[in-house]
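Note that this is a predicted model, so its numbers are computed, not measured. Hydrogens, waters and symmetry mates are skipped; everything else that's a heavy atom, side chains included, is used.
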Amino acid sequence: MKLYHGSKNSNLNAIKKMQAKAGEGIEVPEDELKNGIYLTPHYDYALAMAIRPNGITYIDDKTKTIEFENPELFMPEEEVCIYEIEVPENEVRKIDNNQFIIEGLDEIKTTAQYSCQAKEIKKYYNLKNWTEEQKQEIYSEFKIK
């Protein structure tokens, strides 16, 4: 089974398990906050996970929209990576349509790596509270000061 993992880290040979956390004020079922290796069957969702700036990111897969708590921190030129992983189906558990977890391993080797800029997310999702105009305003602000 081919799955993906999105990351800002560009030199991973293996994906390591980590403890999932809920953002402040967000309720997530305890069953979804596992210590494991989180993967997705969807390249576009892995990219959405990789491009997230600090703060809470709301991803609505039904409407294909993303909203950032801190849109000013989104850097469209930032290099992000999507890692492809081949996993036997009996080693993963489906959490929802976008998330699978491997709980029995500390790490799993990647089989392929794709690098791209964060702005490529716009091919798949509409960014609700970030535009190119905002980017220009932010960069102009820094130049003026």
Side-chain angles (χ1 to χ4, degrees), residues 1-139 142:
M1 167 181 241
K2 184 190 315 186
L3 297 171
Y4 301 97
H5 181 85
S7 177
K8 293 183 187 305
N9 191 335
S10 64
N11 59 357
L12 297 177
N13 294 320
I15 308 298
K16 297 181 190 261
K17 74 177 179 179
M18 59 187 344
Q19 176 65 53
K21 300 180 259 188
E24 188 177 315
I26 294 179
E27 284 193 39
V28 178
E30 197 62 35
D31 188 45
E32 292 184 20
L33 297 175
K34 297 288 184 184
N35 188 9
I37 301 168
Y38 284 83
L39 305 167
T40 179
H42 308 292
Y43 179 92
D44 59 341
Y45 191 79
L47 181 57
M49 299 305 289
I51 60 101
R52 297 175 302 157
N54 285 337
I56 298 170
T57 299
Y58 302 95
I59 302 170
D60 186 333
D61 213 45
K62 288 181 184 155
T63 61
K64 292 305 231 184
T65 58
I66 296 175
E67 186 173 357
F68 303 121
E69 176 183 19
N70 300 307
E72 71 280 3
L73 299 179
F74 174 66
M75 298 298 165
E77 313 302 324
E78 181 178 34
E79 289 290 320
V80 297
C81 289
I82 308 302
Y83 294 94
E84 187 176 290
I85 299 101
E86 285 292 332
V87 182
E89 275 190 55
N90 64 338
E91 290 187 14
V92 298
R93 181 174 61 85
K94 184 176 181 177
I95 295 174
D96 59 34
N97 286 336
N98 287 319
Q99 297 180 90
F100 285 69
I101 187 169
I102 301 173
E103 296 177 273
L105 298 174
D106 288 337
E107 67 179 33
I108 190 164
K109 299 276 185 216
T110 61
T111 53
Q113 174 182 338
Y114 308 98
S115 295
C116 61
Q117 290 185 324
K119 66 184 173 186
E120 288 189 36
I121 194 63
K122 295 190 295 180
K123 293 178 185 176
Y124 307 101
Y125 289 88
N126 178 37
L127 302 180
K128 286 176 76 171
N129 63 340
W130 187 92
T131 64
E132 287 291 328
E133 292 78 30
Q134 286 171 310
K135 176 183 113 175
Q136 295 306 322
E137 286 174 24
I138 291 166
Y139 291 146
F142 286 123

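- Evaluation of the side chain to side chain contact (heavy atoms under 4.5 Å, CB included) rule for N70 yields E72, L73 as partners, not counting sequence neighbours.
- Side-chain contact between Y114 and L47: absent, with no pair of heavy atoms (C-beta onward) separated by less than 4.5 Å.
- Residues satisfying the salt bridge (charged side-chain N to carboxylate O under 4.0 Å, His left out) criterion with K64, sequence neighbours excluded, are D44, D61.
- Residues meeting the salt bridge (charged side-chain N to carboxylate O under 4.0 Å, His left out) test with E67, sequence neighbours left out: K128.
- The backbone N or O of S10 lies less than 3.5 Å from a partner atom in the side chain of Q113, making a donor-acceptor pair.
- K109 pairs by the side-chain hydrogen bond (donor to acceptor under 3.5 Å, both in side chains) definition with nothing, not counting sequence neighbours.
- The backbone N or O of I56 lies less than 3.5 Å from a partner atom in the side chain of E69, making a donor-acceptor pair.
- Annotation for N97 and P41: closest pair O-CG, 3.7 Å, computed over non-hydrogen atoms.
- Shown here are the ring pair (Phe, Tyr, Trp, His ring centres under 6.0 Å) partners of Y4, two or more places apart in sequence or in another chain: Y43.
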For this session: Decide side chain to side chain contact (heavy atoms under 4.5 Å, CB included) for M1 and F100; before the verdict, give the C-alpha distance in whole Å, the side-chain angles of both, and the deciding distance to 0.1 Å.
Result: CA-CA 11 Å; M1 167 181 241; F100 285 69; 3.8 Å; yes
Problem set entry | side chain to side chain contact (heavy atoms under 4.5 Å, CB included) assessment of I59 paired with M49 | CA-CA 9 Å; I59 302 170; M49 299 305 289; 3.8 Å; yes
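- With sequence neighbours excluded, the residues that form a side-chain hydrogen bond (donor to acceptor under 3.5 Å, both in side chains) with D106 are K17.
- Counting non-hydrogen atoms of other residues, nucleotides and ligands closer than 6.0 Å to CG of N90 gives a total above 12.
- By the salt bridge (charged side-chain N to carboxylate O under 4.0 Å, His left out) test, E120 is found to be paired with K123, residues two or more places apart in sequence or in another chain being considered.
- The minimum heavy-atom distance between L3 and V92, with the atom names listed, is CD1-CG1, 4.0 Å.
- Under the rule for a side-chain hydrogen bond (donor to acceptor under 3.5 Å, both in side chains), K62 has no partner lying at least two apart in sequence or in another chain.
- Not counting sequence neighbours, the partners of F68 by the ring pair (Phe, Tyr, Trp, His ring centres under 6.0 Å) test are F74.
- Residues satisfying the salt bridge (charged side-chain N to carboxylate O under 4.0 Å, His left out) criterion with E78, sequence neighbours excluded, are K8.
- Evaluation of the side-chain hydrogen bond (donor to acceptor under 3.5 Å, both in side chains) rule for E107 yields K16 as partners, not counting sequence neighbours.
- Under a 3.5 Å cut-off, the side chain of T40 and the backbone N or O of N98 do form a donor-acceptor pair.
- Partners of S7 under the side chain to side chain contact (heavy atoms under 4.5 Å, CB included) rule, at least two apart in sequence or in another chain, are H5, N9, L12, Y83.
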